[in-house]
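Report on the structure given below.
Naming convention: chains lettered A, B, ... in sequence-line order (proteins, then strands); numbering from 1 in each chain.
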Amino acid sequence: MNRSDRIRLFLSQYSEEENNALKIDKDGLEAELSKPNIPMGLLMKGLIYFGGFISSMFFILFIFLFGLGNHEWVLGGLGISFFILGILIQRHTTEIFFDSFSTFTFIIGQILLVTGLGLADISEHIIILLLIVINSIAILLLKRYMLLFLCALTVISTFNFWLHLLKVQLVHHLLIVTLGAFITFFFINEGKVYSMLKKRTEIINPILDAFIASFLIGLANFIYDEKGFIIPYEWITTVTISGLMLFFLIYSNKKLDLGYKPLTFFIFVILLAVPTLYAPYVMGCLFLLILGVINNYKTLKGLGAVTLVLSLANYYYDLELTLLEKSLEMMASGIVFLGLYWFFFHKKNSNEKV
Amino acid sequence: MTKLTRNDIQLINKYADFEENEIDTTLKENVLINKEEWNNTLRIIMLTLGLGFFAIGLMFFYAYNWDDLSKTGKLLSAELVVICSVALFIFYRNNTIYSKIIATAISFLIGVMFAVFGQVYQTGANAYDFFLGWSFSIALIVFLTDFAVLWFLYLLLVSTTWHFYILQAVGRNAEALELLVIFLLYVVVFVFTHYLQNIGKQIPVWWKHSIVMIAVSVGTILGIEYIIEFKIGHLPSGMIITPISVVYALGLYYSLQEKYIVPFALILFSCIILLTTVMVNEADDFITATLLVSLFVLMSMTGLIYKVVSLQKKWNNE
């Protein structure tokens with residue numbers, strides 16, 4: 001059943017079941033549903049973005065080769081004009097090619113602006129602040145998924161980079177925990193968020209995805225340490241993420257009647273957190289997987305599973321044991337998991353779970 | 001009852017006057033997980049993690065002690081693994097999808113067995129012999145199993161064998177010949193697939209997409225190498241230009257007749273790339289070339305996308 005039929009069926013069923021009718025803007029809904037939705041395969045979209053990418057790369061090359069690379073203010077001015085052009089194109093078109101073109105114009109504009117300001121020896125802190133302000137303003141003006149996602153991602157990543165510059169390592173923990181708390185808050189209060197952002201529903205998905213992507217980037221910073229930015233006290237993040245995970249599990253258990261005792265969740269989280277105390281990325285990826293599974297958010301499920309496997313591989317790689325001991329430990333963990341499976345799911349007599 | 005998706009609920013919320021708790025209830029009924037699905041997911045996760053950890057641990061244990069094994073031990077373990085898989089295959093022979101997956105695993109393990117032979121008997125780094133032997137030994141298995149994934153991997157194996165033949169037996173300057181034969185191979189496979197589909201055999205969609213994509217990519221690389229005159233060797237230009245042009249023209253005609261958009265878009269995109277290469281190659285002044293290329297790609301991509309979208313609209317409405 002395609003989207004229009006599903007929605008119409010739901011609305012008719014809803015007005016039958018509930019006594020008070022739902023006030024619906026019928027004309028608006030009908031207009032939106034009857035927009036022709038041409039199924040564009042992934043291949044086509046990839047092709048279009050690749051074409052836009054080649055075109056914009058050659059254009060940047062042309063600008064630099066033409067000698068404009070020496071004049072900082074020209075670069076900066078061009079940057080601002082491209083960036084505004086990108087926003088204008090996007091607001092006035094629905095074709096996918098112009099959408100991708102505006103994306104690349106926007107990105108080129110920002111790159112040119114940053115290069116120009118950098119060459120003019122303006123302080124890095126001001127550049128970062130400017131980037132954050134421009135992208136935040138752009139979020140208020142834009143409408144389509146790709147650019148909104150990129151703007152939100154830029155804002156948070158620039159902030160992350162700023163922390164690197166200022167060399168305040170401990171705030172990194174705060175950043176990851178805040179992002180995790182935002183994501184959890186979104187999923188717990190989804191109804192409230194939807195009704196708050198009623199006028200601007202299109203920013204919900206991109207900003208959520210940007211938060212998730214930045215959360216992963218923050219976790220990856222634990223693996224790829226730069227010189228001079230080794231993050232101390234990794235256990236802070238592990239403990240806080242485990243706390244968030246426990247809270248979310250117990251809350252969902254109550255809300256969705258999953259039928260588990262809170263104590264089970266507590267033991268489960270402690271069992272996994274203690275060995276990986278100094279490797280917060282394992283708990284982080286497991287957290288994303290659990291969020292995705294409980295909320296049935298497809299990309300998050302896949303992303304959580306893949307990143308969990310990668311982080312487990314990294315964890316075992318980093319362990320300072322001999323290969324023999326590592327292999328024995330892996331076999332032992334496997335047996336533990338199989339034992340848990342047997343214990344929980346092979347009870348023949350009762351259907352009750354512990 | 002068909003369930004709504006999250007995007008549907010967001011859309012309804014935009015135009016209707018939903019209350020917070022109504023949204024939450026709708027989400028709970030349609031989108032969020034329930035007890036049964038949660039238990040199923042937990043079961044899958046625990047089983048996967050348990051078996052996965054155990055298997056990888058066993059493999060690492062083996063790898064750690066590999067050097068201490070005798071020669072007989074190494075050969076014996078490789079052969080035992082193949083025998084166990086064949087036994088599994090016989091056990092599952094009635095269950096189609098399991099038997100096909102096990103057959104794929106057997107084909108892979110035969111290659112591993114040959115590699116172990118090579119390592120034990122120190123036959124030297126002769127990749128061509130290894131791949132040739134592997135291809136011949138699993139040919140019958142692949143043909144009888146008739147599993148799309150296995151056929152695809154077998155095609156990749158045959159291409160690799162041909163690559164190593166050219167590299168070791170013919171010499172370094174024959175890259176064009178290598179690409180030409182691979183190009184023709186995949187085109188022939190595609191034509192064969194078309195006839196099989198006409199007879200009534202079920203061909204998965206990804207198979208046709210992948211074959212077309214590989215064929216067009218190899219054709220593009222071949223074209224680029226011809227244009228910038230890179231490692232052509234002794235192949236006359238006619239032998240490169242003619243097959244590519246003929247195949248592209250026929251491909252465009254085929255895609256319009258069969259209403260199959262993928263070859264159409266890919267072939268025209270490949271032509272855009274080839275024309276770009278010609279422009280960059282022929283231009284004396286690199287700077288103007290970059291501007292020209294950028295504008296050309298922009299306009300041709302716009303034209304291509306318009307044409308693709310209008311074709312799809314026309315075919316959807318018929």
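Across A:Glu202, A:Arg200, A:Lys199, A:Glu190, the residue that shares the most heavy-atom pairs under 4.5 angstrom with chain B is A:Glu190. Per-residue heavy-atom pair counts under 4.5 Å with chain A were compared for B:Leu291, B:Thr276, B:Leu304, and the maximum is reached by B:Leu291. Annotation: maximal heavy-atom pairing with chain A below 4.5 Å, among B:Gly50, B:Ala265, B:Gly52, occurs at B:Gly50.
Using a 4.5 Å cut-off between heavy atoms, B:Phe296 does not touch chain A at all. Residue contact with chain B, scored on non-hydrogen atoms closer than 4.5 Å, is absent for A:Leu308. Residue contact with chain B, scored on non-hydrogen atoms closer than 4.5 Å, involves the side chain of A:Phe187 exclusively. When heavy atoms are compared at a cutoff of 4.5 Å, A:Ile204 approaches chain B solely by way of its side chain, counted from C-beta outward.
For OH of B:Tyr253, the number of neighbouring non-hydrogen atoms (other residues, nucleotides, ligands) closer than 6.0 Å is 12 at most. In B:Lys307, the NZ atom is not crowded: 12 or fewer heavy atoms of neighbouring residues, nucleotides or ligands sit closer than 6.0 Å. Other residues, nucleotides and ligands contribute more than 12 heavy atoms inside 6.0 Å of the OH atom of B:Tyr260.
Interatomic distance, A:Asn296 CG to B:Trp38 CH2, rounded to the nearest 0.5 Å: 12.5 Å. Here the CD1 atom belonging to A:Ile294 is positioned 11.5 Å from the CD atom belonging to B:Glu37, to the nearest 0.5 angstrom. The distance from atom CG of A:Leu312 to atom CG of B:Leu49, rounded to the nearest 0.5 Å, is 7.0 Å. Rounding to the nearest 0.5 angstrom, the gap separating the CD1 atom in A:Ile290 from the CD1 atom in B:Ile45 is 7.0 Å. Rounded to the nearest 0.5 Å, atoms CG (B:Leu42) and OH (A:Tyr260) are 4.5 Å apart.
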Requested in this report: Evaluate the side chain to side chain contact (heavy atoms under 4.5 Å, CB included) criterion for residues B:Leu32 and A:Lys255: first the C-alpha distance (whole Å), next the side-chain angles of each, then the deciding distance (0.1 Å), finally the verdict.
Outcome: CA-CA 10 Å; B:Leu32 298 179; A:Lys255 181 166 124 178; 4.1 Å; yes

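Looking only at atom types and distance, the side chain of B:Asp24 has no donor-acceptor partner in the side chain of A:Tyr194 under 3.5 Å away.
Side-chain N or O atoms of B:Arg6 include one that pairs as donor or acceptor with a backbone N or O of A:Asn295 at under 3.5 Å.
Side-chain contact check for B:Thr41 versus A:Lys301: every heavy-atom pair is 4.5 Å or farther apart.
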